[in-house]
Amino acid sequence: MEKLLSLKRINQVAMAVFVAAVLSGLSTNVVTAESNPPPFKESHLEYYAQLDVRLPGISTAFLPPINTTLSANFGAGTLFASNITEGVAATSKLLGSVRGYTVETSYLGSPDSWLLEVAFVEYDDGYYNGTLQLQGLVQQSLTELAITGGSGSFRGAKGYLVVTLVVDSLPTRTFRHDLTFL
Ligand SMILES: *[C@@H]1O[C@H](CO)[C@@H](O)[C@H](O)[C@H]1NC(C)=O
Ligand SMILES: *[C@@H]1O[C@H](CO)[C@@H](O)[C@H](O)[C@H]1NC(C)=O
Ligand SMILES: *[C@@H]1O[C@H](CO)[C@@H](O)[C@H](O)[C@H]1NC(C)=O
């Protein structure tokens, strides 16, 4: 799997270099293309994440609740990792991954069900390439995370991301991430 992924990336690098060379009419090299991906200048981006709840970490708490009698699920943590794709189908173009964790911040005195989520996205569509750092509250009604920064094409990124559950078909839950850059 790792091999397939890196072969795909290598093809994407080759394509990016080829396109850059054609556009500029100059020769260039892979090192330049990798270390200086084009800055992301658009205001929106979206992708899909398919979470298979059977995978390790996603459904199992990697941190147990502190004390369910005294504090409900306060402190319980879930670790997740998923591919991200261009379309809703897991077989659509692979763009990278989203990985992170949520921690329950609600105890018996807080009747909401807010979770703190911290995650990062690795994104590579063959043109834009980099990481995004995400942080915010997961709520049943609306999950909006802050985009707090990034690397590569997303250096200095600022904005927000809305998470929508688009397919709830266990064992897979598919989420759409709508990103707005400010
Ligand atoms: C992620 O994508 C890779 C490459 O397409 C694939 O081999 C792997 O099975 C995917 N992982 C999941 C959890 O779908
Ligand atoms: C994207 O960046 C990663 C990490 O620097 C690199 O391995 C990959 O080849 C890059 N992809 C493209 C298309 O340049
Ligand atoms: C949880 O808190 C309750 C109330 O203080 C206490 O009686 C119980 O022993 C605690 N349970 C654990 C596993 O610490």
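The residues of the chain are indexed from 1 along the displayed sequence. Hydrogens, waters and symmetry mates play no part in the numbers below; they use all other heavy atoms, side chains included. We count ligands from 1, going down the list as the structure has it; atoms in each ligand are counted the same way. Not measured: the values here are computed from a predicted model.
- Looking at Val53 and Arg173, their side chains come closer than 4.5 Å, going by heavy atoms from C-beta outward.
- For atom 3 (C) of ligand 3, the candidate residues are Asn67, Ile66, Thr68; the nearest heavy-atom contact is made by Asn67.
- Tyr160 OH: 12 or fewer foreign heavy atoms inside a 6.0 Å radius.
- Closer than 4.0 Å to atom 7 (O) of ligand 3 lies none of the heavy atoms of the protein.
- No heavy atom of Asp52 sits closer than 4.0 Å to any atom of ligand 1.
- A donor-acceptor pair is defined here as one N or O able to donate and one able to accept, closer than 3.5 Å; such a pair exists between the side chain of Ser92 and the backbone of Ala89.
- A side-chain N or O of Gln50 and one of Thr85 form a donor-acceptor pair less than 3.5 Å apart.
- Lys93 contributes no side-chain N or O that, together with a main-chain N or O of Gly87, makes up a donor-acceptor pair within less than 3.5 Å.
- Nearest protein heavy-atom neighbour of atom 5 (O) of ligand 3: Leu70 CD1, 4.0 Å.
- A donor-acceptor contact shorter than 3.5 Å is absent between the side chain of Ser153 and the backbone of Tyr128.
- Interface of Asn83 with ligand 1, defined as ligand atoms under 4.0 Å from a residue heavy atom, comprises 1 (C), 2 (O), 3 (C), 8 (C), 10 (C), 11 (N), 12 (C), 14 (O).
- By heavy-atom distance, the residue among Asn129, Asp125, Thr131 lying nearest atom 12 (C) of ligand 2 is Asn129.
- Distance check for atom 14 (O) of ligand 3: a protein heavy atom is found below 4.0 Å.
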